[in-house]
Novice: 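Handing you a structure now.
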2 protein chains.
Amino acid sequence: MEWKLTNIKDLYRRKEEFLEQEVTIGGWVRSIRNSKNFGFIVVNDGTFFEPLQVVYHDGLSNFAEVEKLNVGAAIMVRGKLVATPQAKQPFEIQAEEVLVEGQSTPDYPLQKKRHSFEYLRTISHLRPRTNTFEAVFRVRSLIAYAIHKFFQERDFVYVHTPLITGSDCEGAGEMFQVTTLDLKDVPKDDQGAVDFTQDFFGKPTNLTVSGQLNGETYAMAFKNIYTFGPTFRAENSNTTRHAAEFWMIEPEIAFADLEDDMILAESMLKYIIRYVLEHAPEEMQFFNQFVDKGLLERLNHVVDSDFAHVTYTEAIEILEKNNENFEYKVSWGADLQTEHERYLTEEVFKRPVFVTDYPKEIKAFYMKLNPDNKTVAAVDCLVPGIGEIIGGSQREDDYEKLCQRMEELGLEKEDYDFYLDLRKYGTARHAGFGLGFERCVMYLTGMTNIRDVVPFPRTVKNCEL
Amino acid sequence: MEWKLTNIKDLYRRKEEFLEQEVTIGGWVRSIRNSKNFGFIVVNDGTFFEPLQVVYHDGLSNFAEVEKLNVGAAIMVRGKLVATPQAKQPFEIQAEEVLVEGQSTPDYPLQKKRHSFEYLRTISHLRPRTNTFEAVFRVRSLIAYAIHKFFQERDFVYVHTPLITGSDCEGAGEMFQVTTLDLKDVPKDDQGAVDFTQDFFGKPTNLTVSGQLNGETYAMAFKNIYTFGPTFRAENSNTTRHAAEFWMIEPEIAFADLEDDMILAESMLKYIIRYVLEHAPEEMQFFNQFVDKGLLERLNHVVDSDFAHVTYTEAIEILEKNNENFEYKVSWGADLQTEHERYLTEEVFKRPVFVTDYPKEIKAFYMKLNPDNKTVAAVDCLVPGIGEIIGGSQREDDYEKLCQRMEELGLEKEDYDFYLDLRKYGTARHAGFGLGFERCVMYLTGMTNIRDVVPFPRTVKNCEL
């Protein structure tokens with residue numbers, strides 16, 4: 001294209017290079033204000049949270065066109081960038097040329113007034129053009145990159161575990177079926193059962209709920225690996241924290257135990273927070289001001305403090321003293337609810353806390369049995385405002401013990417041959433965890449509904465765009 | 001864990017720090033050779049392509065255990081790292097302690113001999129422990145990171161477009177259905193049609209074949225975005241280049257035309273190649289020696305040369321002169337087959353080539369109509385050894401023209417309301433492309449079967465692990 005555009009981000013971050021120079025930008029009109037023979041346009045180009053003010057005069061050949069622009073129009077502007085020491089913004093561009101790239105209309109759905117998140121969910125294709133969602137989705141992108149950067153700097157291998165799977169990792173949760181069979185007329189065999197031999201993969205398949213078991217096979221080759229991909233739950237739960245499709249990060253480390261796992265999780269969370277605070281200060285300031293007043297203080301506190309550690313058994317003792325205030329009363333053996341998790345992290349420890357060594361009955365079959373034979377080397381990381389953000393464990397690396405546990409739970413050994421092989425050929429202690437990516441974005445932005453941190457959310461009865 | 005391990009990669013890359021020092025490593029036995037009172041173990045820990053030689057003596061308290069180790073066993077070794085100026089390898093570790101973490105067995109499936117790729121596909125959980133697949137999957141990880149790094153350095157926003165979708169982007173290819181309906185007894189309505197109101201999303205849903213249309217909505221907010229996620233095709237094609245599940249990168253740039261699109265694609269490919277050559281020299285050397293003799297020369301040539309440009313119309317003229325040698329004869333209006341693509345890039349131009357301006361009939365509805373009214377602003381990037389690796393276009397940004405094209409093709413406007421909105425409210429010229437991630441991995445490694453560059457490949461009748 002003939003117009004060589006500069007990102008508005010660069011004007012702000014490297015303004016010495018551009019001040020008093022001719023610059024060219026392209027973006028969308030956030031607001032426009034006309035006087036008789038001049039006017040102001042506030043333009044946002046999506047590369048930076050702050051917009052740029054454009055001043056235009058009736059010297060423009062298309063002045064009549066420009067002064068009638070509506071909010072939402074796309075324009076390109078050429079002109080000089082001049083400092084504005086008296087104004088709120090540091091500089092403005094004095095337009096010598098304004099090219100109207102695309103008009104908007106007076107009924108453009110995003111007018112200058114504040115819209116509710118509920119309304120904006122109905123226009124998910126336009127909401128990233130608002131301040132809040134521009135900030136959310138830029139920070140989402142930065143968090144994703146920070147996670148890759150963290151692991152790659154430590155030589156972890158990124159593994160793409162499969163989405164379509166023939167097995168059910170944890171036996172947990174409802175799964176979506178994947179099929180090419182004609183739903184109007186599903187083929188059946190002699191016994192009246194679905195004839196999956198006619199399906200694409202020749203057998204029943206689902207969307208994965210976790211890449212962990214696959215990830216473990218790669219950890220036993222590369223020592224340190226991570227996954228970062230979509231996972232799915234067909235749970236019929238219409239809450240602010242559940243989506244049917246979400247992204248998950250699952251590192252797995254070999255020659256490592258639960259302690260190493262927690263060190264990794266803590267470093268990762270701190271790394272992500274630091275990265276975002278450094279790379280999106282304007283957005284984080286905005287969240288702190290308009291979305292969640294205590295956000296920055298909380299995040300800075302997390303970066304500066306060591307995470308707390310408590311065993312499940314100790315946690316239960318603490319919680320039992322407060323049982324009268326809980327909807328769900330706790331006692332040893334019970335699963336922790338969000339109210340308990342938040343009480344621990346917000347009221348008791350006032351910082352992130354690792355809860356370890358849960359009763360084996362409430363945890364998955366692959367977690368390493370502790371010497372007490374009652375608990376497993378599991379860990380959940382709880383953070384203020386969210387509750388559980390990370391769940392992990394050291395894995396059972398003993399062939400016999402793993403088989404025994406699978407038998408107790410009625411799992412078929414044949415379905416897990418590959419997994420048992422890892423314990424037959426050069427098993428090594430290893431551990432890993434899962435970080436729910438959306439929960440992480442909520443935690444860092446202060447947003448409270450998962451629908452507002454996913455570009456196009458999928459929830460019960462909702463699959464738009 | 002008490003043992004503080006050093007990655008073998010660090011021993012190689014920063015050996016000055018470690019030579020003559022005590023180091024501790026953990027990894028898997030690749031081979032073992034015993035003499036009477038000492039022996040050698042070659043250990044690979046997955047962090048580096050080259051293994052580490054361990055020398056052990058009968059002074060070890062568990063000498064008897066160590067000398068009986070089988071290939072595949074997991075061990076941790078503590079000892080001094082000493083230079084070996086006479087040997088092939090630069091140093092070895094003189095073991096003072098060897099901890100056997102996990103035994104292996106004499107029937108371990110990966111013995112020292114060379115195994116065929118076909119055989120290794122049957123043990124996808126173990127094959128990353130071989131030289132070839134260790135190299136492939138580390139390079140795959142590095143390519144993925146290079147892609148993120150390239151776009152993030154240029155302030156592109158990473159967008160997670162949805163996997164489960166209610167619409168069919170290009171109307172292209174067979175799609176997988178996603179459902180929670182009971183396949184044994186699919187509910188029907190009065191008319192005998194499938195009653196999707198009872199399905200999870202209350203309507204029919206599929207796995208996405210492209211995130212492009214969703215991506216465009218974000219490009220019209222952030223200017224520059226990219227997606228990087230899984231896509232799916234239920235095509236019944238059992239070739240070495242097709243998988244049912246694969247990853248795709250789809251950047252989208254606003255205030256940009258086809259020329260900008262090609263500049264971006266070319267810079268990206270060169271960036272990725274440079275990154276991998278710099279960060280995995282041992283792996284690339286290995287591919288060049290054992291997998292694809294001309295690989296390094298070809299990649300270096302690509303980095304150093306400008307990509308060629310040719311219009312579809314010119315390309316057809318070139319190809320027609322060689323029609324006698326093609327299985328499929330070409331003429332204006334025909335789609336290019338792999339044999340044509342490879343002829344252009346390998347024989348005619350001998351470097352990557354952009355073919356532009358295809359007949360509108362063989363391209364998608366959203367591509368921008370050229371002034372000739374016959375062709376569209378589409379581009380395919382062809383590379384030697386592969387053929388098409390990138391397909392892109394400038395998008396039709398004119399509301400009326402887009403509507404007209406949709407009508408010609410019988411597409412329902414209601415299904416694309418969100419997409420048309422982008423042309424109603426601040427439309428701007430924009431362009432983008434799709435890079436098939438697996439093809440990119442094949443291109444950079446010289447591997448010729450897509451099943452060998454995906455950790456757990458999904459193809460017709462094949463969904464193992």
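Within every chain, numbering begins at 1; the chains are lettered A, B, ... in the order of the sequence lines, protein sequences first and strands thereafter.
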Novice: Under 4.5 Å, counting heavy-atom pairs only, tell me which of A:L183, A:V186, A:V194 racks up the most with chain B.
Specialist: A:L183

Novice: Quick one: what part of A:L207 sits under 4.5 Å from any heavy atom of chain B, side chain, backbone, both or neither?
Specialist: side chain

Novice: Would you say the ring centers of B:Y226 and B:H148 fall short of 6.0 Å from each other?
Specialist: yes

Novice: If we define contacts as heavy-atom pairs under 4.5 Å, which of B:D421, B:T130, B:V159, B:T205 has the most with chain A?
Specialist: B:D421

Novice: Is the centre of the B:F228 ring less than 6.0 Å from the centre of the B:F437 ring?
Specialist: yes

Novice: Distance alone, cut at 3.5 Å: any donor-acceptor contact between the side chains of A:E216 and A:H430?
Specialist: yes

Novice: Can you see whether B:T122 engages B:E464 through a side-chain donor-acceptor pair at a distance of less than 3.5 angstrom?
Specialist: no

Novice: Heavy-atom distances under 4.5 Å only: say whether A:W3 touches chain B with side chain, backbone, both or neither.
Specialist: neither

Novice: Pick whichever of B:P162, B:G202, B:G26, B:G27 has the most heavy-atom pairs under 4.5 Å with chain A.
Specialist: B:P162

Novice: With only heavy atoms counted, which part of A:R458 is less than 4.5 Å from chain B, the side chain, the backbone, both or neither?
Specialist: both

Novice: Using non-hydrogen atoms and a 4.5 Å limit, figure out which bit of A:P230 sits close to chain B: side chain, backbone, both or neither.
Specialist: side chain

Novice: Centres of the B:Y399 and B:Y419 rings: under 6.0 Å?
Specialist: no

Novice: Among B:R127, B:R140, B:R429, B:E134, which residue has the highest count of heavy-atom pairs closer than 4.5 Å to chain A?
Specialist: B:R429

Novice: Heavy-atom pairs under 4.5 Å with chain B: which of A:A74, A:P128, A:S104, A:S124 has the most?
Specialist: A:P128

Novice: Near A:K4 NZ, under 6.0 Å, is it more than 12 heavy atoms from other residues, nucleotides or ligands?
Specialist: yes

Novice: Side chain, backbone, both or neither: which part of A:R423 has a non-hydrogen atom closer than 4.5 Å to chain B?
Specialist: neither

Novice: With heavy-atom distances below 4.5 Å as the criterion, would you say the side chains of B:V77 and B:T24 are in contact?
Specialist: no

Novice: Out of B:V71, B:L181, B:N236, B:N224, which one racks up the most heavy-atom pairs below 4.5 Å with chain A?
Specialist: B:L181

Novice: Quiz question: by atom type and distance under 3.5 Å, do the side chains of A:S141 and B:Q152 form a donor-acceptor pair?
Specialist: yes

Novice: Please classify the contact between B:K149 and chain A as side chain, backbone, both or neither, with a heavy-atom cut-off of under 4.5 Å.
Specialist: both

Novice: Identify which part of B:K184 has an atom lying under 4.5 Å from any heavy atom of chain A, answering side chain, backbone, both or neither.
Specialist: both

Novice: Where on A:K188 is there a heavy atom nearer than 4.5 Å to chain B: the side chain, the backbone, both, or neither?
Specialist: side chain

Novice: Please find out if less than 6.0 Å separates the ring center of A:Y108 from that of A:W28.
Specialist: no

Novice: Please classify the contact between A:F156 and chain B as side chain, backbone, both or neither, with a heavy-atom cut-off of under 4.5 Å.
Specialist: backbone

Novice: Check for a donor-acceptor pair, side chain of A:T231 on one end and backbone N or O of A:F246 on the other, with a separation under 3.5 Å.
Specialist: yes

Novice: According to ring pair (Phe, Tyr, Trp, His ring centres under 6.0 Å), who are the partners of A:H279, at least two apart in sequence or on a separate chain?
Specialist: A:Y275

Novice: Quick check on A:E259 against chain B: is it the side chain, the backbone, both or neither that has a heavy atom closer than 4.5 Å?
Specialist: side chain

Novice: Counting the benzene-type ring for Trp, do A:Y158 and A:F151 have ring centres under 6.0 Å apart?
Specialist: no

Novice: Which of the residues A:I164, A:N7, A:D45 is involved in the greatest number of heavy-atom pairs with chain B at under 4.5 angstrom?
Specialist: A:I164

Novice: Which bit of A:F133 comes within less than 4.5 Å of chain B, counting heavy atoms only: side chain, backbone, both or neither?
Specialist: backbone

Novice: In terms of heavy-atom proximity below 4.5 Å to chain A, should B:I143 be classed as side chain, backbone, both, or neither?
Specialist: neither

Novice: Heavy-atom cut-off 4.5 Å, strictly under: side chain, backbone, both or neither for A:N462 against chain B?
Specialist: backbone

Novice: Are any of the side-chain heavy atoms of A:K223 and B:L5 separated by less than 4.5 Å?
Specialist: yes

Novice: Side chain from CB out, backbone as N, CA, C, O: work out which of these in A:A193 comes under 4.5 Å of a heavy atom of chain B, or both, or neither.
Specialist: neither

Novice: Is A:V178 close to A:N206 at the side-chain level, that is, under 4.5 Å between some pair of heavy atoms?
Specialist: no

Novice: Go through the atoms of A:V460 and report whether side chain, backbone, both or neither lie under 4.5 Å from a heavy atom of chain B.
Specialist: both

Novice: Taking all heavy atoms of A:P457 and all of A:V454, pick out the closest pair and write down the distance.
Specialist: CD-O, 3.4 Å

Novice: For this output row, return yes or no: ring centroids of A:F201 and B:F176 closer than 6.0 angstrom.
Specialist: yes

Novice: Which atoms of A:E438 are under 4.5 Å from chain B, going by heavy atoms: the side chain, the backbone, both sets, or neither?
Specialist: neither

Novice: Just give me the residue among A:Q177, A:K424, A:K9 that pairs up with chain B most often, heavy atom to heavy atom, under 4.5 Å.
Specialist: A:Q177

Novice: Against chain B, work out which of A:G72, A:C463, A:A73 has the most heavy-atom pairs shorter than 4.5 Å and name it.
Specialist: A:C463

Novice: So for A:D397, is it side chain, backbone, both, or neither that comes closer than 4.5 Å to the heavy atoms of chain B?
Specialist: neither

Novice: In terms of heavy-atom pairs under 4.5 Å, which option from B:F137, B:Y145, B:F232 contacts chain A the most?
Specialist: B:Y145

Novice: Select, from A:M76, A:H160, A:Q103, the one with the greatest count of heavy-atom pairs under 4.5 Å involving chain B.
Specialist: A:H160

